[in-house]
Amino acid sequence: MLFHSTVRKELARSFGASLVVLVTIVMTMTLVRTLSQASRGSVNPQEVMMVMGYTVLGYLPPVLTLSLFIAIVGTLSRMYRDSEMVIWFSAGRGLSAFLTPLFSFAWPILLVVAGMALVVWPWANEQARELRDRYGRRGDLERVAPGQFQESASGRRVFFLDKDTPDNKSGRNIFISTVEQGKETVTSARSGRVDEIGTGQFLMLSNGQRLESLPDRQMRISEFEEYGSRVSGGQLAVQDDSPAKTRSTWRLVMEPTPVNQAELAWRLGLALAAINFVVLAITVSSVNPRAGRSGNLVFALFAFVVYYNLLNLGHAWVGSGRASFGGFLLAVHGSAFLAGLLWLGKQHNAWTIGGLLRRRRNHA
């Protein structure tokens with residue numbers, strides 16, 4: 001059908017352009033933030049692109065939804081400005097007739113959004129978390145860069161050394177500052193080596209000095225020819241402390257805690273919001289050809305921001321117990337869908353308050 005094919009072709013072009021622009025912006029912002037984390041030692045510099053890729057995958061559901069929303073608003077607004085809507089209205093095509101071609105174009109995108117929100121989002125977060133945790137659990141000596149002060153994994157020790165060998169098993173000009181149980185210790189040595197003793201690593205220092213600051217403000221200075229300091233222990237015990245955003249959707253359903261229900265409501269909200277935005281896009285795309293061209297687009301973006309913030313607000317409320325799971329979904333998404341249908345009916349039937357009042361008086 002000419003009507004459906006015309007609308008779908010222009011929607012495809014607009015959606016593709018919007019998606020490319022938004023993905024480029026998200027990738028740039030994510031890259032800057034990931035590089036900042038790598039400079040602070042939270043992310044392995046060699047895994048910056050992998051962390052960025054997983055993060056962008058997590059952001060794709062709202063990006064796809066926004067691209068679809070912008071494509072529909074932009075396409076229908078252009079049709080209003082170029083008087084194409086007048087032609088379709090004269091041909092007997094009302095505003096509600098656009099629902100069929102819009103949903104026939106949008107249903108694959110809606111399925112992708114739902115799949116990514118329910119499956120890809122937790123998987124990508126889990127992969128990014130594993131990369132950060134694996135880098136954070138590396139040995140203390142592996143954290144040290146030549147000529148730089150570096151904090152240990154526990155945060156109670158600061159290292160400085162110049163590495164001599166490629167395998168990082170020996171070094172020179174070593175400095176260690178430790179704070180434990182209110183006592184501060186500063187140890188310096190000319191050289192040192194790493195020895196494996198049991199399940200831990202020990203830094204064996206040679207020809208150095210040790211300065212201890214006792215709790216009673218006394219100082220103790222000692223010199224040594226060889227001194228051993230533990231720099232890494234055994235493997236950490238595996239604990240199930242994963243955040244809710246890394247848990248699978250099936251696990252959230254089987255463990256209905258407030259935190260899990262909040263995360264589940266947020267994931268389902270992304271899919272439901274995508275459907276509602278198709279309906280809302282028709283209503284906000286109406287534009288006066290004599291008015292500015294960007295007014296309705298700004299309003300559409302404002303509506304998207306408000307809706308998305310409501311999802312985040314509901315996530316916090318459900319997690320804290322201030323709102324129920326079903327109540328939040330019904331209040332936010334149900335009311336948005338109902339408001340979109342009423343607004344669409346008003347524009348399709350040209351309802352006005354004065355006209356409704358006159359019709360009611362005539363009926364009486």
Side-chain angles (χ1 to χ4, degrees), residues 15-71 108-109 111-155 159 161 163 165-168 232 235-236 238-249 251-252 263 266-267 270-271 274 304-305 308 311-312 315:
F15 174 77
S18 302
L19 182 61
V20 169
V21 173
L22 291 178
V23 169
T24 303
I25 295 174
V26 172
M27 290 182 63
T28 303
M29 296 175 61
T30 305
L31 178 60
V32 172
R33 186 168 60 182
T34 307
L35 289 175
S36 176
Q37 294 175 352
S39 65
R40 296 195 303 266
S42 301
V43 175
N44 189 352
Q46 298 178 355
E47 298 175 343
V48 167
M49 299 304 297
M50 295 181 62
V51 175
M52 185 194 71
Y54 291 134
T55 306
V56 172
L57 278 177
Y59 288 150
L60 275 183
V63 169
L64 289 172
T65 302
L66 181 58
S67 300
L68 179 62
F69 188 53
I70 293 176
I109 303 174
L111 289 181
V112 172
V113 170
M116 298 198 70
L118 298 176
V119 180
V120 179
W121 162 258
W123 176 81
N125 288 328
E126 177 64 21
Q127 297 301 315
R129 176 175 175 269
E130 287 183 358
L131 291 176
R132 292 188 176 94
D133 290 349
R134 184 178 62 190
Y135 188 65
R137 289 194 299 265
R138 68 195 189 279
D140 290 341
L141 290 181
E142 296 175 353
R143 296 171 176 266
V144 179
Q148 296 182 6
F149 289 92
Q150 187 67 39
E151 192 177 33
S152 66
S154 61
F159 290 90
L161 59 88
K163 296 179 180 177
T165 58
D167 58 356
N168 299 334
S232 179
Q235 295 293 329
L236 297 178
V238 178
Q239 298 180 356
D240 188 13
D241 57 350
S242 60
K245 66 179 183 180
T246 63
R247 301 169 187 169
S248 64
T249 302
R251 180 180 173 184
L252 298 181
E263 178 65 21
W266 191 83
R267 295 180 191 178
L270 291 177
F304 181 87
V305 171
Y308 192 78
L311 293 182
N312 295 329
H315 182 277

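All values derive from a computational prediction rather than experimental measurement.
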Just how far is it from atom [atom1] of [X] to atom [atom2] of [Y], taken to the nearest 0.5 Å?
X: R129; Y: K245; atom1: CZ; atom2: NZ; value: 10.0 Å
X: T65; Y: L60; atom1: OG1; atom2: CG; value: 10.0 Å
X: E130; Y: Q127; atom1: CD; atom2: CD; value: 5.0 Å

Problem - Set of side-chain contact (heavy atoms from CB on, under 4.5 Å) partners for V112, sequence neighbours left out - result: L64, M116

Exercise for the section: Kindly write out the residues that satisfy side-chain contact (heavy atoms from CB on, under 4.5 Å) with L118, not counting sequence neighbours, or none if the list is empty. Expected result: T249, R267, L268

Practice task
If a pair satisfies side chain to side chain donor-acceptor pair (under 3.5 Å) and one of its residues is in residues 45-63, list it, with sequence neighbours excluded.
Solution key: R33-Y59, E47-R134

Handout entry: Pairs flagged by side chain to side chain donor-acceptor pair (under 3.5 Å) wherever residues 111-123 is involved - sequence neighbours left out
Key = W121-E263

Problem - Flag side-chain contact, heavy atom, 4.5 Å: P122 against R251 - result: no

Do you know the tightest heavy-atom contact between [X] and [Y]?
X: F15; Y: I109; value: CZ-CD1, 3.6 Å
X: A271; Y: V113; value: CA-CG1, 4.4 Å
X: P61; Y: A117; value: CG-N, 4.0 Å

Handout entry: Qualifying residues under ring-ring contact (aromatic ring centres under 6.0 Å, His included), relative to F304, sequence neighbours excluded
Key = F277

Pairs under 3.5 angstrom only: tabulate donor-acceptor contacts from the side chains of residues 17-32 to other protein residues two or more places apart or in another chain.
from : atom 1 : to  : atom 2 : distance (Å)
S18  : OG     : S14 : O      : 2.9
T24  : OG1    : V20 : O      : 2.7
T28  : OG1    : T24 : O      : 2.8
T30  : OG1    : V26 : O      : 2.7

